[in-house]
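Take a look at the structure below.
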Amino acid sequence: MMKDILYIGQNDYDLPLFERQYPVPFGMAYNSYLIADEKPAIMDTCDIRKGAEWKTALKQALGGRQPAYLIVQHMEPDHSALIGWALTEFPELTVVASQKALQMLPQFFEDIRLDERTLAVKEGDVLSLGKHTLRFLMAPMVHWPEVMVTYDETEKILFSADAFGSFGTLDQQEDDWACEARRYYFNICGKYGMPVQTLLKKAASLDIQTICPLHGPVLEGDTLQNALHLYDIWSKYEAEKEGVFIGYASIHGGTKRVAEEMAEILRKRGQKVCLMDLTEEEVSFAVEDAFAYGKAIFAASSYDAGLFPPMHNLLHHLQIKAWQKKRVGLIENGSWAPTAGKVMREMLAQMKDVEVVEPMVTIRSRMKQTDLVQLEALAETLIEKK
């Protein structure tokens, strides 16, 4: 970072689940900054889990000075937990946020007094810190309604709130930024493609040299350009990768065997295949890959006159994250009364622009040689040019 923009964020190495649901094998970073200008400005706070460390880092960065502003871009508690403490610790501090965020503040901090200590900003408003001039851009529903992002006109930095974020601590990031950023995007922001597109259009009018998200690494150079490119694809619900995602949920191994055979049939036709066992892989990873590919096959056992729960769980998650613009093939398995296909069709019918291709393949307990004809036919239909 620049010498007067100091990182005071914290790495969380032992967080079991982000938002109590997403595995984070590489931990999590809560990014926060101090712009040490004539009027020092804190850029967001931190999660309470790392509150003590964040307070220490802030005071060290201030070096005895008093901050003038606390810029609140997002009210979710993993970024805002220390607002109440900051207002008590620094009596002259002014909270700068969208009007919606300021309305939310008392919901999280019952005992704070905000009289004459807030500054509501709207689209295009600017705030001078001295050398640095901050411009505020509203980004509602990326991914809460109060979100805004902040552009430092002096250093050409976009403080992007949750946009362009990633799972992982800053010192344990994978070499491929897109891997954990993709999983983060589709599970956290996947439902909000149109608001992300609106933000991208605003960003296109700015000379952005650096992006500082609230989670994950600082983006610059080729990584920044790749991030902008991928966000455009993701938020339009377009296929990022050529090939087929096969998700399967098997009880006793019969459906697994069919899915593996289907993968081989597709590979022989030149298709890249992502094969995933939904009984072993956590659902957020399946959501990521199901979004990345333009085609999918769902293979599942019947269960309790319905659908085996691991597959039901995936389709439910895809539905609430606005999965769309896909071609899908279905394989069901049942020993006496196959029902999985019917339930999968019903769930997919509630999703936008999802085409279920024929034939749906029905397996009775174990795959037979006679089933191969149907599998071959499904493969041909799924990958045919439209």
Side-chain angles (χ1 to χ4, degrees), residues 5 8-9 19 30-35 37-48 50-51 54-55 58 62 66-130 132-153 157-165 188-189 191-192 194-196 198-199 202-203 206 212-215:
I5 301 181
I8 56 174
E19 292 189 350
Y30 312 117
N31 296 335
S32 175
Y33 300 87
L34 176 71
I35 303 179
D37 209 330
E38 294 174 21
K39 299 178 181 179
I42 305 166
M43 303 300 295
D44 298 289
T45 67
C46 188
D47 190 281
I48 196 64
K50 292 295 176 181
W54 181 83
K55 293 173 187 178
L58 171 61
L62 285 167
Q66 294 291 304
Y69 301 109
L70 169 56
I71 313 299
V72 176
Q73 300 183 106
H74 186 16
M75 277 302 304
E76 200 165 7
D78 53 325
H79 311 296
S80 66
L82 283 303
I83 292 175
W85 172 85
L87 284 166
T88 301
E89 186 74 13
F90 306 111
E92 302 303 316
L93 186 71
T94 297
V95 175
V96 181
S98 68
Q99 184 64 53
K100 185 69 173 178
L102 295 178
Q103 291 170 0
M104 285 185 175
L105 261 175
Q107 298 175 196
F108 292 94
F109 304 98
E110 181 179 10
D111 298 325
I112 61 172
R113 297 194 61 180
L114 298 173
D115 300 342
E116 300 180 357
R117 299 195 64 184
T118 63
L119 174 61
V121 291
K122 59 185 184 300
E123 183 75 26
D125 282 356
V126 297
L127 178 66
S128 175
L129 306 180
H132 294 260
T133 298
L134 305 182
R135 181 177 296 276
F136 303 104
L137 306 172
M138 301 300 109
M141 299 318 301
V142 187
H143 65 120
W144 277 22
E146 88 300 353
V147 173
M148 69 179 188
V149 300
T150 305
Y151 179 60
D152 183 337
E153 296 183 343
I157 297 173
L158 181 68
F159 294 92
S160 62
D162 271 350
F164 305 102
I188 305 294
C189 303
K191 183 177 180 179
Y192 306 111
M194 290 184 64
V196 171
T198 299
L199 177 59
K202 294 179 182 181
L206 305 173
C212 293
L214 285 175
H215 297 296

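Just the heavy atoms: all of them, side chains too, but no hydrogens, waters or symmetry mates, feed the values below.
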Q: Determine, step by step, whether Leu127 and Lys39 satisfy the side chain to side chain contact (heavy atoms under 4.5 Å, CB included) criterion, reporting the C-alpha distance in whole Å, the side-chain angles of both residues, the deciding distance to 0.1 Å, and the verdict.
A: CA-CA 10 Å; Leu127 178 66; Lys39 299 178 181 179; over 6 Å; no
Q | Thr88 side, atom OG1; Asp111 side, atom CG - distance, nearest 0.5 Å | A | 9.5 Å
Q.
Taking the side chain as everything from C-beta on, heavy atoms only, tell me whether Met141 gets closer than 4.5 Å to Val147.
A. no
Q. Where do Ala97 and Ala101 come nearest, in terms of heavy atoms and distance?
A. CB-CB, 3.8 Å
Q. Backbone N or O of Val95 within a donor-acceptor pair of the Arg117 side chain at under 3.5 Å?
A. no
**Q.** Euclidean distance, Tyr151 OH relative to Leu206 CG, rounded to 0.5 Å
**A.** 5.5 Å
**Q.** Test item: Leu87 and Leu70 side chains (from C-beta on) under 4.5 Å apart, heavy atoms
**A.** no
Q. Which heavy atom of Ile157 sits nearest a heavy atom of Cys212, and at what distance?
A. CG2-SG, 3.7 Å
Q) Do side-chain atoms of Ser32 reach the backbone of Met43 as a donor and acceptor pair under 3.5 angstrom? A) yes
Q.
Restricting to non-hydrogen atoms, name the atom on Leu129 and the atom on Ala41 that form the minimum distance, rounded to 0.1 Å.
A. CD1-CB, 3.7 Å
Q) Does the side chain to side chain contact (heavy atoms under 4.5 Å, CB included) test come out yes or no for Asp125 and Leu119, once each step is laid out? A) CA-CA 11 Å; Asp125 282 356; Leu119 174 61; over 6 Å; no
Q: Would you indicate whether the side-chain heavy atoms of Leu214 and Glu76 approach each other to under 4.5 Å?
A: no
Q | Geometric class of the His74/His143 ring pair [parallel <30°, tilted 30-60°, perpendicular >60°] | A | perpendicular
Q.
Looking at Glu123 and Lys202, is any side-chain nitrogen of the basic one under 4.0 Å from a carboxylate oxygen of the acidic one?
A. yes
Q: Take Asp44 and His79, measure what side-chain hydrogen bond (donor to acceptor under 3.5 Å, both in side chains) needs, and give me the verdict at the end.
A: CA-CA 6 Å; Asp44 298 289; His79 311 296; over 6 Å; no
Q | Met148 to Val72 - nearest heavy-atom pair and separation | A | CE-O, 3.6 Å
Q) Can you list the residues that meet the side chain to side chain donor-acceptor pair (under 3.5 Å) rule with Glu153, with sequence neighbours excluded? A) Arg135
Q: For Asn31 and Pro213, indicate whether the former's side chain and the latter's backbone hold a donor-acceptor pair under 3.5 Å.
A: yes
Q. With under 30° as parallel and over 60° as perpendicular, where do the rings of Trp54 and Trp85 fit, or are they tilted in between?
A. perpendicular
Q | His215 and Asp78, any side-chain heavy atoms less than 4.5 Å apart | A | yes
Q) Are any non-hydrogen side-chain atoms of Leu199 and Val149 less than 4.5 angstrom apart? A) yes
Q) If you measure from CG on Leu105 to CG on Leu114, what distance do you get to the nearest 0.5 Å? A) 5.5 Å
Q) In Å, rounded to the nearest 0.5 Å, how long is the span from CD1 of Ile71 to OG1 of Thr45? A) 12.5 Å
Q. Going from OH on Tyr30 to CG on Leu82, what distance comes out if it is rounded to the nearest 0.5 angstrom?
A. 12.0 Å
Q. What heavy-atom pair brings Leu34 and Pro40 nearest, and what distance separates the two atoms?
A. CD1-CB, 4.2 Å
Q.
Using a 6.0 Å cut-off, check whether atom NZ of Lys100 has over 12 heavy atoms from anything other than its own residue.
A. no
Q. Nearest heavy-atom pair of Ala81 and Phe109: which atoms, and what distance?
A. O-CE2, 3.6 Å
Q.
Using side chain to side chain contact (heavy atoms under 4.5 Å, CB included), reason through Met75 and Glu146 one step at a time and then give a plain yes or no.
A. CA-CA 7 Å; Met75 277 302 304; Glu146 88 300 353; 3.6 Å; yes
Q. Between Leu134 and Tyr69, is any pair of side-chain heavy atoms under 4.5 Å apart?
A. no
Q: Please list, chain by chain and in numerical order, all residues satisfying side chain to side chain donor-acceptor pair (under 3.5 Å) with Thr150, sequence neighbours excluded.
A: Gln73
Q. What is the distance from atom CZ of Phe136 to atom OG of Ser98, rounded to the nearest 0.5 Å?
A. 11.0 Å
